[in-house]
K.L.:
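Please read through the structure below; I'll follow up with questions.
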Amino acid sequence: MKIAIATYQDAGSYAAPIPQEDALLADFLTQKEVDFTFEVWDNPEVVWQNYDAVIIKSPWDYFEKVNTWFTWLNTLEQLQVKVYNPIKTLRWNSDKKYLFEIEKAGHSIVPSLNLEKGTSIDLKEIMKTLNCNAVVIKPRISGAALNTFLISSAELGIYQDKVNELLQTADYLAQPLIPEIQSKGEWSFVFFNGEFSHCLLKTAKEGDFRVQHFHGGTIHPQEAPAHLLASAQKIATQFASDCLYARVDGVEINGNLHLMELELIEPLLFMFTHEKAF
């Protein structure tokens with residue numbers, strides 16, 4: 001069985017002093033004598049139908065090439081290539097409006113407002129609706145905190161025109177700044193084939209709200225708190241039951257897990273933090 005592991009052309013955008021997960025995965029697969037090749041997902045010279053399966057592992061720049069991404073998914077579907085995670089799931093998970101579907105199903109999410117492309121908004125009214133003094137504005141299709149802004153009530157005039165300008169080209173979300181992100185951190189629960197594997201806590205550097213390692217965030221392996229894991233497991237079971245991997249990211253608010261993101265496309269799985277992750 002020949003497997004393609006879809007990755008991206010690394011330009012150093014997401015570099016950080018942590019173990020390189022793809023390299024660790026390659027060592028593991030080599031030890032298991034698996035026939036695999038890393039392929040850049042948007043390389044037009046790759047003949048995807050030559051592979052028995054494609055594992056979507058690290059196409060970390062897909063959100064920078066949205067039209068190419070969806071065209072590629074369509075191509076894989078037309079070629080009837082077996083893909084992990086499933087193509088329909090990848091399409092659904094590409095747009096963060098999936099959060100509202102998860103909320104509608106009865107799960108807690110971080111409070112979110114949908115800001116449609118082509119509209120204009122009043123940041124003061126957004127903060128009033130969200131009952132907050134600082135708001136995070138982020139694209140619905142995005143990653144790595146690209147075009148993500150933390151705006152305080154004192155900065156409304158600075159960002160008002162900028163946000164409305166961005167809204168003319170893409171859909172966005174508005175979310176309140178969650179103090180627990182800065183004081184406690186963001187939880188990540190990793191699942192393989194629907195089964196819980198390991199857990200970690202990501203914390204932002206002092207003065208920041210972004211927990212990504214390439215923005216200075218730090219990674220702390222943890223035993224999974226039972227009450228938070230139960231919530232993460234329910235989300236993974238309902239929305240990622242057909243997935244090879246899933247990462248449930250959330251923040252604990254008043255003892256309950258509130259979903260930040262359900263990562264089903266290209267999450268760092270932090271396999272180096274847990275000896276049983278492979």
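The residues of the chain are indexed from 1 along the displayed sequence.
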K.L.:
Apply the side chain to side chain contact (heavy atoms under 4.5 Å, CB included) test between L99 and each candidate in V110, L262, N114, L259; give the one that qualifies.
P.N.:
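Going through V110, L262, N114, L259 one by one, the side chain to side chain contact (heavy atoms under 4.5 Å, CB included) with L99 is satisfied by L259 alone.
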K.L.:
Is it true that H107 and Q238 share a donor-acceptor pair across their side chains at a distance under 3.5 Å?
P.N.:
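Indeed, the side chains of Q238 and H107 share at least one donor-acceptor pair under 3.5 Å.
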K.L.:
Do you reckon I3 sits in the same ILVMFWY cluster as V47, going by side-chain contacts under 4.5 Å, direct or chained?
P.N.:
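No, I3 and V47 fall in different hydrophobic clusters.
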K.L.:
Can you confirm whether E195 is buried at CD, in the sense that more than 12 heavy atoms of other residues, nucleotides or ligands lie under 6.0 Å from that atom?
P.N.:
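Not buried by this count: 12 neighbours or fewer within 6.0 Å.
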K.L.:
Looking at F70, is its backbone amide N or carbonyl O close enough to the side chain of R91 to form a donor-acceptor pair, meaning the two atoms are under 3.5 Å apart?
P.N.:
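No, the answer is negative, given that no donor and acceptor are paired below the 3.5 Å cut-off.
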K.L.:
Would you say the rings of Y62 and W72 are close, in the sense that their centroids are separated by under 6.0 Å?
P.N.:
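Aromatic pair excluded; centres sit 6.0 Å or further apart.
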K.L.:
So, F196 versus F191, ring centres under 6.0 angstrom or not?
P.N.:
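When the ring centroids of F196 and F191 are compared, they turn out to be within the sub-6.0 Å range.
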K.L.:
Do side-chain atoms of K96 reach the backbone of S142 as a donor and acceptor pair under 3.5 angstrom?
P.N.:
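Yes, K96 side chain to S142 backbone: donor-acceptor pair under 3.5 Å.
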K.L.:
Indicate whether the side chain of W48 and that of T75 have a donor and an acceptor atom separated by less than 3.5 Å.
P.N.:
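Judged by distance alone, the side chains do not pair up.
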K.L.:
Distance check, rounded to the nearest 0.5 Å: K162 atom NZ versus N164 atom CG?
P.N.:
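Interatomic distance, K162 NZ to N164 CG, rounded to 0.5 Å: 11.5 Å.
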K.L.:
Ignoring hydrogens and geometry, is there a side-chain-to-backbone donor-acceptor pair from N85 to D242 under 3.5 Å?
P.N.:
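No, because the side chain of N85 does not come within donor-acceptor range (under 3.5 Å) of the backbone of D242.
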K.L.:
Atom OH of residue position Y84 - does it have more than 12 heavy atoms of other residues, nucleotides or ligands inside 6.0 Å?
P.N.:
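Open: at most 12 neighbouring heavy atoms sit under 6.0 Å from OH of Y84.
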K.L.:
For a quick check under 3.5 Å, do D22 and S58 share a side-chain donor-acceptor pair by atom type?
P.N.:
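Checked: D22/S58 side chains pair up, N/O donor to acceptor below 3.5 Å.
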K.L.:
What's the verdict on salt bridge (Lys or Arg N to Asp or Glu O under 4.0 Å) for R140 and D95, showing C-alpha distance, side-chain angles and the deciding distance?
P.N.:
CA-CA 5 Å; R140 279 192 354 213; D95 190 325; 2.8 Å; yes
K.L.:
Please round to the nearest 0.5 Å and tell me the distance separating atom CG of D171 and atom CG of L166.
P.N.:
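So the CG of D171 and the CG of L166 are separated by 12.0 Å.
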K.L.:
I'd like to know if the side chain of H227 reaches the main chain of L257, judged simply by a donor and an acceptor atom lying under 3.5 Å from each other, with no hydrogens or angles considered.
P.N.:
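Checking the backbone N and O of L257 against the side chain of H227, no donor-acceptor pair under 3.5 Å is found.
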K.L.:
To the nearest 0.5 Å, what is the distance between CG on L264 and SG on C243?
P.N.:
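Reported value, rounded in 0.5 Å steps: 4.5 Å.
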K.L.:
Look at atom CG of N50 and say whether more than 12 heavy atoms of other residues, nucleotides or ligands are closer to it than 6.0 Å.
P.N.:
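More than 12 within 6.0 Å, yes.
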K.L.:
For a quick check under 3.5 Å, do Y51 and E39 share a side-chain donor-acceptor pair by atom type?
P.N.:
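Per modelled atom types, Y51 and E39 side chains form a pair under 3.5 Å.
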K.L.:
Would you say the side-chain atoms of E263 pair up with the backbone N or O of V248, donor to acceptor, closer than 3.5 Å?
P.N.:
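Not a single qualifying donor-acceptor pair exists.
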K.L.:
Find the distance between CG (N93) and CD (E266) and round it off to the nearest 0.5 Å.
P.N.:
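The distance works out to 8.5 Å.
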K.L.:
Step by step, would you call N193 with L244 a side-chain contact (heavy atoms from CB on, under 4.5 Å)?
P.N.:
CA-CA 5 Å; N193 290 317; L244 177 64; 3.8 Å; yes
K.L.:
What's the separation between atom CD1 in I253 and atom CD1 in I178, rounded to the nearest 0.5 Å?
P.N.:
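Here the rounded value is 4.5 Å.
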K.L.:
Quick check: does any side chain N or O of Q49 sit under 3.5 Å from a backbone N or O of V81, one acting as donor and the other as acceptor?
P.N.:
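Checked: no pair found.
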K.L.:
Go through it in stages, so that I can follow the logic: the residues are M127 and I151, the test is side-chain contact (heavy atoms from CB on, under 4.5 Å), and I'd like the CA-CA distance, side-chain angles, deciding distance and then a yes or no.
P.N.:
CA-CA 10 Å; M127 289 187 182; I151 305 170; 4.2 Å; yes
K.L.:
Hey, is CG on N67 packed in by over 12 heavy atoms from elsewhere, all under 6.0 Å?
P.N.:
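It does not: N67 CG has 12 such atoms or fewer within range.
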K.L.:
Tell me if the CD atom of E223 is crowded by more than 12 foreign heavy atoms within 6.0 Å.
P.N.:
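Incorrect, the count does not exceed 12.
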K.L.:
Are the side chains of L73 and W41 in touch, meaning some heavy atoms are under 4.5 Å apart?
P.N.:
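No, side chains not in contact.
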K.L.:
Which distance, rounded to the nearest 0.5 Å, do you find between the CG of L25 and the CD1 of I5?
P.N.:
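Answer rounded to 0.5 Å: 4.5 Å.
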K.L.:
Report yes or no: do W60 and V40 belong to one cluster of Ile/Leu/Val/Met/Phe/Trp/Tyr joined by side chain heavy-atom distances under 4.5 Å?
P.N.:
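No, no single cluster joins them.
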K.L.:
Could you walk me through whether K65 and D42 pass the salt bridge (Lys or Arg N to Asp or Glu O under 4.0 Å) check?
P.N.:
CA-CA 9 Å; K65 309 171 183 180; D42 58 340; 2.6 Å; yes
